[in-house]
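Down below is the structure, laid out as structure tokens.
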Amino acid sequence: VQLVESGGGLVQFGGSLNLSCTASGLIFGDYTIGWFRQAPGKEREGVSCISSSDGSTYYADSVKGRFTISSDDAKKTVYLQMNGLKPEDTAIYYCVADGDLKASAQAMDVLELGSWGQGTQVTVSS
């Protein structure tokens, strides 16, 4: 499985970014893809995930209402639309994939053991 993230960058407080994760080697319709983030000096955080089989989604409380995860099976791509960005959202964002799981906080724990992308930097200025 190969995952390639894109869409990161520098944005001002309150701005938006749309991250993309394009996958190869996955059987679309039989996977779960999630986003983790890692900021310097902070613990890695599971941000969101989506299940390809039932479309269920999960969001961490820190991003609920601001971030939206979606998928385009034809393009084998998962998106993370991030609105209302805050400086505390600054981190490297990683895309992670594993077998089909119902999206949940517990699924994020399983995803951590899956395949990882190389990450994309998101920086939010105040």
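Computation of the quantities below employed the complete heavy-atom set of this structure, encompassing side-chain atoms and omitting hydrogens, waters and symmetry-equivalent molecules.
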Keeping D73 on the side-chain end and K76 on the backbone end, is there a donor-acceptor pair under 3.5 Å? no

Under a 3.5 Å distance rule, please check whether T120 uses its side chain to pair with a backbone N or O of G8 as donor and acceptor. yes

Taking the side chain as every heavy atom from C-beta outward, state whether [X] and [Y] have any atom pair closer than 4.5 Å.
X    : Y    : value
Y93  : M82  : yes
M108 : L101 : no
E112 : F36  : yes

Hphob cluster co-occupancy, [X] + [Y], side-chain heavy atoms under 4.5 angstrom:
X    : Y   : result
L26  : V78 : yes
L111 : L3  : no
V122 : I69 : yes
V47  : I33 : yes
W116 : Y79 : no

Shortest non-hydrogen contact between [X] and [Y], atoms and distance:
X    : Y    : answer
V4   : Q118 : CA-OE1, 3.8 Å
Y58  : G46  : CE2-O, 4.4 Å
S48  : L80  : CB-CD1, 4.1 Å
L113 : D98  : C-OD2, 4.4 Å
V1   : G25  : CG2-O, 3.8 Å
Q121 : A91  : NE2-O, 3.4 Å

In terms of side-chain heavy atoms, does [X] have a donor or acceptor partner in [Y] at a distance below 3.5 Å?
X   : Y    : answer
N83 : S16  : yes
S51 : D100 : yes
T77 : S20  : no

Separation of [Y] [atom2] from [X] [atom1] (nearest 0.5 Å):
X    : Y    : atom1 : atom2 : answer
D89  : L17  : CG    : CG    : 10.0 Å
K102 : D54  : NZ    : CG    : 4.5 Å
Q12  : S126 : CD    : OG    : 9.5 Å
Q38  : E43  : CD    : CD    : 9.0 Å
L85  : R66  : CG    : CZ    : 6.5 Å
C21  : E5   : SG    : CD    : 5.5 Å

Can we say K64 and D61 salt-bridge, meaning some charged N sits less than 4.0 Å from an Asp/Glu carboxylate O?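 A salt bridge is present here (some side-chain N lies under 4.0 Å from a carboxylate O).
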
Can you check whether F67 and W35 have ring centres sitting under 6.0 Å from each other?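 No: the rings miss the under 6.0 Å criterion.
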
So does Q81 have more than 12 non-hydrogen atoms from other groups sitting under 6.0 Å from CD? yes

